[in-house]
Amino acid sequence: MTTEARNSHPIYFIGAFATGGLLTFMVHLNGELARYGNPLFSSWTAHGTGIIAAVILLLVHRRRTPMVEKAPNAPLWAYLGGISGAATVILTSTAVNSPLGLSGTLALGLAGQVAFSVAADSWGLFGLPKRRPDRRDIAALGLVVTGAALIILFGRGAA
């Protein structure tokens, strides 16, 4: 952990932790939608309600804040987040309704996020500065993957 990360305001850590809880709730709700419909229906519903919420927040925010100078345009690849978001909802909605369940789905998802993050840092993807993974990064990745394996292989109670 960098000195900057250790000295960050606690609200950032609380926010990140709360986001994990919201993600779990979202995956569960999307899985329920997929169970009663299908994963594509789950993705359309999640993104449709997200659009409605975003428009409402945009209208409220626009009325409260004065117009400021125009921000620079985002790079074109930044708009691909919607595609990965739709795929994520479809895949998690499918996986959560499989024998993996909610905890297995999220454990493997976390392992995938950490692995891809280490790779993105290492290769400097998406405009990130290249950062060579050190022993702590590899150890953390190993621990997350091991934890996911424990949850999936040994985390089930008696059926």
Side-chain angles (χ1 to χ4, degrees), residues 1-54 74-159:
M1 183 182 296
T2 65
T3 305
E4 184 178 309
R6 281 194 299 263
N7 295 333
S8 292
H9 195 280
I11 194 72
Y12 300 128
F13 296 102
I14 293 167
F17 189 78
T19 300
L22 286 173
L23 178 65
T24 302
F25 188 57
M26 181 197 74
V27 169
H28 170 67
L29 293 178
N30 290 339
E32 285 296 300
L33 284 171
R35 190 162 59 100
Y36 289 103
N38 60 48
L40 187 59
F41 171 73
S42 174
S43 183
W44 275 104
T45 304
H47 289 87
T49 55
I51 287 171
I52 293 167
L76 287 177
W77 56 260
Y79 294 95
L80 296 176
I83 294 171
S84 66
T88 299
V89 173
I90 290 170
L91 293 172
T92 58
S93 296
T94 302
V96 79
N97 287 311
S98 76
L100 284 175
L102 184 60
S103 60
T105 298
L106 289 171
L108 283 176
L110 177 62
Q113 288 175 40
V114 173
F116 188 79
S117 297
V118 169
D121 280 344
S122 177
W123 296 324
L125 300 178
F126 313 115
L128 292 169
K130 284 188 178 183
R131 188 180 74 80
R132 186 181 177 116
D134 61 15
R135 288 184 192 154
R136 291 177 296 181
D137 295 324
I138 302 305
L141 177 58
L143 288 170
V144 170
V145 170
T146 302
L150 287 172
I151 289 171
I152 292 166
L153 300 174
F154 304 107
R156 295 192 179 89

To the nearest 0.5 Å, tell me how far [X] [atom1] sits from [Y] [atom2].
X	Y	atom1	atom2	result
Ile14	Thr19	CD1	OG1	11.5 Å
Thr88	Ile83	OG1	CD1	11.5 Å
His28	Leu33	NE2	CG	10.0 Å
Ile151	Thr105	CD1	OG1	11.0 Å
Thr146	Leu150	OG1	CG	7.0 Å
Ser43	Ile90	OG	CD1	4.5 Å

Ignoring hydrogens and angles, tell me if any N or O in the side chain of [X] forms a donor-acceptor pair with the backbone of [Y] under 3.5 Å.
X	Y	result
Ser122	Val118	no
Asn30	Ser93	no
Asn97	Thr94	no

(request) Quick one: closest heavy-atom pair of Ser98 and Ala95, and the distance? (result)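 Looking at all heavy atoms of both residues, the closest pair is OG-O, 2.5 Å.
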(message) Please give me the minimum heavy-atom distance between Val145 and Ala111, naming the atom from each residue.
(response)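 Smallest interatomic distance, heavy atoms only, reads CG2-CB, 4.1 Å.
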(request) Using the salt bridge (Lys or Arg N to Asp or Glu O under 4.0 Å) rule, collect all pairs that involve residues 83-102, keeping only residues at least two apart or in two chains. (result)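 Sorted result for residues 83-102: empty, none.
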(request) Please examine the side chains of Val89 and Trp44, heavy atoms only from C-beta on, and report whether any two atoms are closer than 4.5 Å. (result)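 No, every pair of side-chain atoms sits at 4.5 Å or beyond.
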(message) Just so I know, are the side chains of Leu23 and Val27 near enough to count as touching, which here means a heavy-atom distance under 4.5 Å?
(response)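 A side-chain contact under 4.5 Å exists here.
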(message) Less than 4.0 angstrom from a charged side-chain N to a carboxylate O is my criterion; do Asp121 and Arg132 meet it?
(response)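 No, Asp121 and Arg132 are not salt-bridged.
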(message) Which residues pass the salt bridge (charged side-chain N to carboxylate O under 4.0 Å, His left out) test with Arg35, not counting sequence neighbours?
(response)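 Result, salt bridge (charged side-chain N to carboxylate O under 4.0 Å, His left out) vs Arg35: Glu32.
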